[in-house]
Every structure is written in C-alpha cells, then in structure tokens.
Amino acid sequence: MYFFFEVKEGLRIAFRAIRANKMRSVLTTLGIVIGIVSVTLMATAIEGVDRAFEKSASAFGSKVLYIQKFPWVGHDDWWKFRNRRDMKLEYATVVSHQATLVDAVAPSVVTMKDARFGSRTMLSTFITGTTYQYQEASGTTINDGRFFSSEESDGGRPVCVIGANVAETLFPSIDPIEQTIKVGGFPYKVLAVLEKQVGLFGMFTADNRIFVPINSFMNQFGSRRDVLISARVRKGVDIEEAKEELRGIMRKARHLAPAQEDDFNINEQEMLTQVFGTITAVIACIGFFITGLSLFVGGIGIMNIMYVSVTERTKEIGIRKAIGARRRTILFQFLVEAALICLIGGIIGLMIAYPLSLIADQILPTAMPFSVVIISLLVSLFVGVNSGFLPAFKASKLDPVDALRYE
Amino acid sequence: MNNSYVINLQQIKKIYDMGGAEEVQALRGVSVQIGKNEYVAIMGPSGSGKSTLMNIIGCLDTPTSGLYEFNSINVSEMNDNQLAKVRNKEIGFVFQTFNLLARSNALHNVELPLIYAGVSSAERKRLAHEALEHVGLGDRVHHKPNELSGGQRQRVAVARALVNRPSILLADEPTGNLDSKTGDEIMVLFEELHTQGNTIILVTHEEYIAEHAHRIIRLRDGMIEADEIVKNRKSITTE
C-alpha cells in the first residue's frame, strides 16, 4: 500500500518537474530518443539481412542434399579437396537406383559460355548441363513454359531453360519461349524461363544460368567435368538419415575401404545457415555495441540533468525529509523521474523509428520485430533507473538540516 | 512523574567537527523536560545553540552524547528511517521561511505528511481540508504559495504541521518573515492551538514574541542560562 503511494507521488512529482523545465526535459529526452532510434533501426536492419538470407538460402532447398567434391563451408584444406577424384556422372544413376530415402536425383555439370540472341550477348554465362529431374531435385519454379522431358534430356536435344536475368538480358522486349539462342556457338531452343530468385548469392542463383540437357552439354562442351549431384529428400524423411544413406552408397561407388575417410561431401542448406548465423551474430554484436554507445551517451545526459535537478531541489528535499519522507522515498522519487524521462524518450524514439523502418522495408524487406519494441522500452527504463540512481542516492543521503538551510 | 514528559533531554551535547583539530561545541550538556500542553519559548542570541537544540528536539539531527526521550522512547540512538517516522507522526514543524512546496497548492502541501504516513487519498483530502479550515484558510485550498500572503502561507504551514496530530508543534521564528500585524495574528493562532491542548515549542530571539509563552528557556554558549515561568504573560486575543 505504502509502495503504491510512493509510486503515485513519485509520478506526480516527476510529471510536474518535467513540465516545469520543458526545454531541459526536451533536450535530455532527445539523447534517449536518438539512442532508441539507432538501436531499433539497427535491429530492423539485422532482421532485414536475416530475412534476405533466409530467402536466398531457400533457393538451395531445405530438403535438398548436394553431393560434391568440395564442402560448402570450412575450406581450410583446399588442396586436399582439390586433389580428390572427380565426381562421375554414373554416380547419379547409382544413387537414383539404390537410394530409397530420396525421390529426385539430378547430376549437373557447369561451364561458362557466352550466350547470344540476335545482336544481344550475355558474356560468360553459367551453363548447367543436367537431367529432367533437376527441377524437382533443386526445387526451382518455372514461370512460363516447361522443363525439358526425360526424352529430351536423354536424347541430348538442343533445348534449354533460362534464368530470369538471362531472359531479361537477351529478350528485353519479346517472349523468349520458342526462340533459339546460341550457347557457346550452338543453337538451343528456349523452353521456359525460371522464376526470379533474387538473393544474397547473386551470380550463383539460377537467375543467371542456362540449363541444357546433360547429354547435349557433354557432346558440345566436353565430358571430363566434375559432377554435382542434387538429391531431394523424400517427404517425412529425416535429412540426416537420407544423408547417411547417400554416404553409404557413395562410399561403395567410390570403392572406399572402411578405414578411409570420405573423399566427397554431402552439402545442405543448413551449413550455409549456420555460417551465416555466425556472421550476423558478429554484425549484430558490433552494431548493437555502436548504437548502444549513443544510448549510453543519452544515459549520461539523464544523469547530468538529474544531478542538476537534485541540487536545484535541495531545499525541497529538506522540506520533504523534515515532514517525514524517508530516504527510500526520496530515492524513489528521483528514480521515477529519471525513468519517466527515459521512458518518454523511448516511446518517442519508437514513434520515429517505426516509420523509418517502413521506409527501410522498401530497400531491404524487413519489419521492426515486436520483441524490439518491448526490449527497447525495457532498455530505456533500465537506462533511466541506472543513470538516475547516483543522483537519486545523493538526494536521499542529504542531511535534512543542511538541505533546509540551502538557498 | 518522569513519564508525563513529552520531551526529556539529559546532558545533551553536540559537537561539530570542523575538520582537523577544530571542533565547535554547540551544546555543552543541556537538560530540559517539557510536559504535555506546555507552551515553551527557547531564546538566545545567535550562536547560543538554540538552532542546534531545535534540530535535535525536532529529530532532524542527533546529539553527540546524552539522552533524548520522546514520549518516554529513546530517540537519541534511532536511525534515519526511524527518525523520519517520528518527524512524520509526532512533530509538526513551522519554519521562519514557511518552507512550502512552491509548485504545489495549499491542499497538496498540507496533504504531504499524510502521504508519507500512508493515509488513503480520500481520507487525506478530508483531513487536509479540515486542517486548512481550522487555520481559517478553507477558501484558499487550491491557491499556490505565491498566490497567498505571508500570513496565509504561514497558516498553511501550521495546518501542515498539525494535520498528522503531532505531539509537539515546533516553530522556528514563525513570525520572523512577517510584519508585526500578521505576526500577531499567527501568535493568536498559536494561543488558540495551545488552549486546544497542543504542546508548543517556540524558538525565537525576540523577547516580545517569547513573552506569549508560559515558560522561557534561555540559552547562552550552549548552556541553559535560565529556565523561568513567565509571570506577566502577554495574552493576546483577537481584537
């Protein structure tokens, strides 16, 4: 009950003090406002980067395993991986016959060639040779048209499916479907355009690629290449189990003795997510540290003004003490005042940061997470209580006789 | 007999340490007893220690040595919080400079001791109104100190001092900042309060004011010089 009176009286005094010194309160609050705006915008930016990554990473498919010579992350021993035997095309057949936990398997080989349509050229485009199962195995979506059939891929027909950027570059004004483009000098008929993926991985997405049947690729661009095998894990199957099965099949296909370590890697999206998680954590730490500094400076401003306030109101403190205010009551009164200033700063800060986050959303798809709103209000309260504490403590310790004599 | 004293001071000493070897003996062993419903004036020139004595009686300060019993309870060894409680419940202060909160109206000023006593809002308002009416300010409840005259301000201060029904009313030069006419009005008010059963301790250096009291304690150099009953008491009543 007594505590309730203290809160109420504290708030009343605080409001009165803030109103009595409007300009001073505004300037002090400004420090907190700037701090909260920068911290919340930082949080929003990080959220945006996270979302962009998630979107990009989803291009790899969360349920797709990639069998390769190289691991996606942790290239500390590049030569070891480099010297591994190449992945051969027949492994894809072995995998697709023997594996029970995956439902689509597609080998792919890559080279770079110029692509041309009429007078328009796209230099050094990634050309991927693959089979009809690629679309399923990699989870890409077709915008318009169809992927090549098993007959076309087995028979090495001169057909291709192009990425969204390729379509934009070569066909700025006309429909690419049924048009014939020249890839490395050979004619290919366009069957479909893939849906635009966009993402952080830029050139590595399917947007800049041309997909052709693997047999056509082998005939025209050479067959001695390292093959990447994509395999989609069956619905409801644990990805680790599928990975284990593929590993067994691959070890057998590669004739590895039981003691030998794997000379291939089975990669998955998860690995990228983990690496990225570490990177964003570091960025977040640095970002929050720097923006946190501005909040800290704001806190110092509050502390400064609270000291002034205590000195100005020494007499008042003396009167209150003479009348029966306890130390705790006085301490509380000034803490409430500091906390209130900060809280008001926090609320104003959020009111400024929210529209800014909507603007940021136009550049990097993001939104201010609700947790940030709650946390920043708590943080401003925390800053207020902390920076108010020393001045409030000073006030509570004042000797009533001295305080009453103060003019 | 000892138990009937409101205030019982035994050999109170107060020494201020001025740093280094220097020290000031403000009180050199003061023993005083004040009973219920007494009207006492503490007199003395400046530097006599009367302010120090008032601070100790008012529980704003603690003696360096000696015993201080307030209503038979030893307060000389109480801590800050306990003293705050005694000040809140048992002592009503009236200061020379009124010491009202400038930004609060009369009502809130009078409510203040009740807030610290933890009285509920409605009860507070009722008691504060009552106290203000008692000092004749029932129609000035929502005025701020700067909208009131000096005499009215001091009445607000008296209302504030009395609102918690304290054991003593401790007034430090209550007329010092007032002209003689309003000063007299305040003294009339004190007279009434005394008749109503309040114990009043008045600190002053003006003989004229002190003569309203029933008993005068004269201090000099930190010691009691005289403790006398006023024979030709000036009784002033409303003219």
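Throughout, a chain's letter reflects where its sequence line sits, starting with A, and its residues are numbered from 1.
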Tell me whether the count of non-hydrogen atoms from other residues, nucleotides or ligands lying under 6.0 Å of [atom1] in [X] goes above 12.
| X | atom1 | result |
| --- | --- | --- |
| Lys315(A) | NZ | yes |
| Glu22(B) | CD | no |
| Phe288(A) | CZ | yes |
| Tyr16(B) | OH | yes |
| Arg16(A) | CZ | yes |
| Glu77(B) | CD | no |
| Met223(B) | CE | no |

Margin query: According to salt bridge (Lys or Arg N to Asp or Glu O under 4.0 Å), who are the partners of Lys14(B), at least two apart in sequence or on a separate chain?
Written below: Asp61(B)

So how far is it from [X] [atom1] to [Y] [atom2], rounded to the nearest 0.5 Å?
| X | Y | atom1 | atom2 | result |
| --- | --- | --- | --- | --- |
| Ile323(A) | Asn109(B) | CD1 | CG | 7.0 Å |
| Arg320(A) | Ile115(B) | CZ | CD1 | 7.5 Å |
| Lys321(A) | Asp80(B) | NZ | CG | 6.0 Å |

Item checked: Side chain / backbone / both / neither for Arg313(A) at chain B, heavy atoms under 4.5 Å -> side chain

Check: Given side chains that start at C-beta, do those of Arg19(A) and Arg103(B) come closer than 4.5 Å, heavy atoms only?
Finding: no

Next item on the list: Write down the atom of Arg405(A), the atom of Asn55(B), and the distance for their closest heavy-atom approach.
Entry: NH2-ND2, 4.4 Å

Next item on the list: Give the minimum heavy-atom separation between Ala84(B) and Ala325(A), together with the two atoms involved.
Entry: CB-O, 3.8 Å

Item checked: Contacts with chain A made by residues 140-160 of chain B (heavy-atom distance under 4.5 Å), listed by residue number -> Arg160(B)

Check: If you check every heavy atom in residues 85-101 of chain B against those of chain A, which residues fall under 4.5 Å?
Finding: Arg87(B), Asn88(B), Phe93(B), Phe95(B), Thr97(B), Asn99(B), Leu100(B), Leu101(B)

Next item on the list: For residues 307-351 of chain A, pull every pair meeting ring pair (Phe, Tyr, Trp, His ring centres under 6.0 Å), keeping only residues two or more places apart or in separate chains.
Entry: Phe3(A)-Phe332(A)

